[in-house]
Student: 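Input: one structure, supplied below.
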Amino acid sequence: MPVITYREALNQALAEEMERDDTVFLMGEEVAEYDGAYKVSKGLLERFGDRRVVDSPISELGFAGLGVGAAMVGLRPVIEFMTFNFAFLALDQVINSAAKMHYMSGGQLSLPMVFRGPSGAALQLSAQHSQAAETWYVHAPGVKLVTPGTPADAKGLLKAAIRDEDPVAFMEGELLYNVKGEVPDPEEGDFVIPLGVADVKRKGADVSIITHGKMVHVALQAAGKLEKEDVDVEVLDLRSLRPLDVDAILETVRKTNRVVYLEEGWPYAGIGAQIVSLIQEEAFDYLDAPVIRVTQADVPMPYAKNLEQAAKPDAARVIQACNRVLYRD
Amino acid sequence: MPVITYREALNQALAEEMERDDTVFLMGEEVAEYDGAYKVSKGLLERFGDRRVVDSPISELGFAGLGVGAAMVGLRPVIEFMTFNFAFLALDQVINSAAKMHYMSGGQLSLPMVFRGPSGAALQLSAQHSQAAETWYVHAPGVKLVTPGTPADAKGLLKAAIRDEDPVAFMEGELLYNVKGEVPDPEEGDFVIPLGVADVKRKGADVSIITHGKMVHVALQAAGKLEKEDVDVEVLDLRSLRPLDVDAILETVRKTNRVVYLEEGWPYAGIGAQIVSLIQEEAFDYLDAPVIRVTQADVPMPYAKNLEQAAKPDAARVIQACNRVLYRD
Amino acid sequence: MAETMAETRKKGAEGPDAGLDGFDREQLHRFLREMLLYRRFEEKAEEAYAIGKIGGFCHLHIGQEAVALGFIGPLREDDYVITAYRDHTQALAKGVEPGPVLAELYGRKDGVSGGKGGSMHVFDVEKGFMGGHGIVGAQIPLAVGMGWAIRYREEDRVCVCFLGDAAVNQGALHESMNMAAIWELPVIFVVENNEYGMGTAFSRVSAVPVLERGEGYGIPTHSVDGQNILETWTFVEELVQEVRDGGGPQYVEARTYRFKGHSMSDPVSGTYRSKDEVEGKKEEADPIALLREKLFEAELLTQEELEELDEEVRAVVDEAADFADDSPFPEPEELYTHVYSEINEHGRLFLDSRDR
Amino acid sequence: MAETMAETRKKGAEGPDAGLDGFDREQLHRFLREMLLYRRFEEKAEEAYAIGKIGGFCHLHIGQEAVALGFIGPLREDDYVITAYRDHTQALAKGVEPGPVLAELYGRKDGVSGGKGGSMHVFDVEKGFMGGHGIVGAQIPLAVGMGWAIRYREEDRVCVCFLGDAAVNQGALHESMNMAAIWELPVIFVVENNEYGMGTAFSRVSAVPVLERGEGYGIPTHSVDGQNILETWTFVEELVQEVRDGGGPQYVEARTYRFKGHSMSDPVSGTYRSKDEVEGKKEEADPIALLREKLFEAELLTQEELEELDEEVRAVVDEAADFADDSPFPEPEELYTHVYSEINEHGRLFLDSRDR
Ligand SMILES: Cc1ncc(C[n+]2csc(CCOP(=O)(O)OP(=O)(O)O)c2C)c(N)n1
Ligand SMILES: Cc1ncc(C[n+]2csc(CCOP(=O)(O)OP(=O)(O)O)c2C)c(N)n1
Ligand SMILES: [Mg+2]
Ligand SMILES: [Mg+2]
């Protein structure tokens, strides 16, 4: 299989879906002439023209709403937020318009659209530019949420998100764009990964690290190190947070009986809180130890290199957590 | 003790704090000439004048930001959102400015301010006007969150929130404004309830209902009914969600070993998810049954009376949940 | 309904028999009938609210009927209309059936939005009535999105976006006007200036008048007497054609007045406006009375005809009320329908662990 | 620094010895020295970024020095300045010490913001420099809040709010201009029009020029050549006095140009602007070169003096670099400080269950 970057995988997905369906268009800041702030849309303007690849003004609320309005009448907008940190300005259109209009209209209106862009921290971007946004998009029903961690998942899930009949928040990561991985050759046919299917990124028997998004790589790193200590770690990547693959979660819990939830974001009402709560509701008797969450420190992201490193969840903390649920400390 | 309404309690708190400190001012839509959409600020314009009780344009992002800016230079703004449903438009100023500026400035700036207004559902206000906003305000560190359920708590906590040196989100409820209760007579001195102290609203031994905000009343209703079935229910009202009274939570868990979390909002990454996750992390061995959460149905709030009733958490569902954790079903 | 009105105007007609301002008798009567229908419909809603058949917020359009008729009547059925929560009469003007609208207000199964939206969220996509939105200003970017789609598909539709005077202060208008201007979208921003946002006079929350607030975007601005249906209709008819022909976005102030309280739970007058002010407006600026008197004067309407028209519309409204009354509440299963259009094959979408 | 500059202007001076445009020799040299300092400071930052001493985003102000000096120099120390992420030279202009600013960029303990903010979040409250904000447009309502506080306390301060041309399209500006207008707040909105927002020419995201975008609020609008320090300073000096005297809010376009890439990670030129365009601007519109040539022409500056000034500022910058280099990284405990100003007596504020 060809090895490409996460960035190229997203670019392929966009190109293929725009090729397939004329109602798909991409709008956002710097997506056209500049090829995207992170070059995800490289070459798309040239290929599809400025009717379908559109530079927006810096008006997050406005162009997010424009996307919702266009979806109301049958287009399939892909709205790029340069990062989700800037999308707090647009959240009203996501939560009050996109998430509710199908319901409020009694099913008359569908909103097939994608809100995408990087979420979470990169390197030393400081407090306002380093926030994992999942919780803000998943709490209210009506929007779906996808968080791919690998090139293959990025491509397969973005194609599925664009084809989905509902609004989908699609969260990427600055630190993921250069990650390389195998992605099926477009020649071999349409590669789509359905929403709602978690993926066991590593089989293991002793303890399960459940995670999503870019933390998948931290989980695998930790698993590798623990292997040297003869701890056999299973890594379950949720990939999609709504719909949520509850069966896969329960399965790994029943298998290892010990769970660590790893996420990039903050703990309070984070994704981990939901998963832990769900596990103890539905697999209480299978737990040999309380589930431990590894998250960002409960502080705004500091700029200083040493503080930022300390704030972020890392392999060391994950290993520590695994040891705790294994009562190895 | 005098019995007054929740609305009057808030009004007293505002008046007393404005009397005490000239830097406190109230700004929001309809707060002045109209006495507030829900009459919470009744009479304040007359008493304090239009310098300190200010009708704002319908510009949530703008006047929330104005409040933050005024706090940056030492005023103590009380920003009223007519309801928190409209504050999605202002969330960027809460999360990216208010919650982070003390940190980003290395402690140079403090932001002593309150964002207040009703949160959650009233009666048949439909999807866009019936959302419990807690999760959106508590997930990111930097803001404190208070959710009083009774007149006394409303008064004591609002006074504490106004005096707090940090931004505090203060969530009330349309359905609470007319609730009556005993509140200490102002003549008997300053009545302030510190943030971070939960309150046992009902002592019990068999099962604990932990909750916050207006659901306190639903919990007490359920407890009353269960009493007739000789089930002795303890009701713990968190009152403040950040700071969170973890000791009180663990205490009731250790006491009854059976817990139901009741909240008005949605389940996914809700407050209950956090509390359940925290309980199993810190009191795992004290649980005789998994904690069950009672929440709003995971759907936008429907308008139709019968559907709205079905969507909301109610005493019947709480009783059912209590029976389940008691293995009485 | 709406589109026939748009079509039947007899431009040719002239001379004394022509009627008034280029509208023939039939058309003038239809105008009167329409506005009477809106008025009676709202009065019925008021009545129903009083006895608890309608819950939640209910915002009446009484006094502003000519704005609904004047800005929507001249449209084609395939044009789009989007508005805020004060949406009943605008829906009727776009051709939505009164019965299903009232049933929606009652929260019944046969409501246009299946009883899930209510008074603030009337939708009829078939008729190009795109809702009923409750967040002040939120409909504006949505309108721009529809305008974008029209251009994207190279259609000749137009999108009319209503907003209140107080909504002018939302950043959403600023961002939307700019986007509509740079992409030359066929969107008509109609500011229904009834002088107040809830209890706040526009003059207290803006340093300049509504019309002036439309400047600075490169979009033509206009102001029209929204209580005068003939002036409004004529103006809109031409403006819509201009936009259809590629004239780009327009910003229009419709000067009007609200005769009732902001919503059913608000007082008609109070600290924010005097009883006299309201009574005076009702006296001098009732769009229905103004047209009626014109027609009497021009001898284009008799008392009998007027009463007939009123009888007609009252019958329509009573029928609508019967329709709404007869409609059952939504089935309990409806709680979980229409949250998502697509229930994915895999994974869980509803996390409340309730049985359904 | 800033306030002395504001004060020392010798209005009286006239005739050939007077200097230029009413500025005396000393003042003109100080202008040149200031702008050279900004330039050398940014060059040092560029250098430090290249070798990894500065991380994350770093936005240089090179080419726009006269805007910083011209709009901030005339202010009093107790006036407020707030801006976006392109904030280094504006901080220097407000009198913030170069050492602590550079230390902040290095993420060190002695940085103005304790190393927690970084390049985009320079704060020095003592000096009235209120940051350093990273969300485009978010500083605008904050400025209005400071203006509100000034009026609330009946002070005669002013608040200068910088925003970029692209920020003009944010709804925050609309809401802020309106609030400033209705309450007549002492806020000067300065649009630093460097023609681009990142890689997008303003003309592609606005149907009308920056100046016109300020219309429709009842706020006076102005445009000034931001590359000409003498014109800018003179204009601002008068405008600030007017605002101090109760003139209310002002909207000013400062026409300028960015000589470097949007941030250190962006190219200087590319698809969005040609190398020739940039080179041409550097040739004709370098604010420092323009002043220098004027002074040479008027024989108010010698080559020696120029080199002396440059030596001086280079020394200041090298000192700042040493200061930054010598400053340690923040203590690990700092991770949890300054999240809250008040650690409440009861309850848990940090929910990450980490030991601290
Ligand atoms: C964002 C937002 N803020 C506040 C409200 C509450 N609210 C509903 S209508 C209204 C007044 C709007 O007045 P205007 O725009 O003039 O429309 P009108 O009611 O006069 O038709 C307010 C403040 C809301 N629904 N949404
Ligand atoms: C709300 C928001 N959207 C997008 C960004 C990303 N971004 C940072 S600077 C910038 C361009 C701003 O240009 P302009 O306002 O002209 O200021 P300049 O950089 O030219 O000084 C963008 C898009 C952001 N920081 N905040
Ligand atoms: Mg109005
Ligand atoms: Mg710019």
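Predicted model only: the values in this text are computed from it and were never measured. All chains are named by letter (A, B, ...) in the order of the sequence lines, taking the proteins before the strands, and each is independently numbered beginning at 1.
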Student: Find the distance between CG (D:N169) and CE (C:M177) and round it off to the nearest 0.5 Å.
Tutor: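 Taking CG in D:N169 and CE in C:M177, the distance rounds to 13.0 Å.
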Student: Can you tell me if C:H174 uses its side chain to pair, donor with acceptor, with the backbone of D:V168 under 3.5 Å?
Tutor: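 Yes: the side chain of C:H174 pairs with the backbone of D:V168.
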Student: So, taking the atom named CD in C:Q170 and the one named CG in D:N178, what distance separates them when rounded to the nearest 0.5 Å?
Tutor: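 Interatomic distance, C:Q170 CD to D:N178 CG, rounded to 0.5 Å: 11.0 Å.
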Student: Among D:G171, D:S176, D:A172, which residue forms the greatest number of heavy-atom pairs with chain C at distances under 4.5 Å?
Tutor: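 Ranked by heavy-atom pairs under 4.5 Å with chain C, first place is D:G171.
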Student: Under 4.5 Å, heavy atom to heavy atom: which of residues 192-219 of chain C reach chain D? Give them by number, or say none.
Tutor: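 Contacts with chain D: C:R204, C:V205, C:S206, C:A207, C:V208, C:E212, C:R213, C:E215, C:G216, C:Y217, C:G218.
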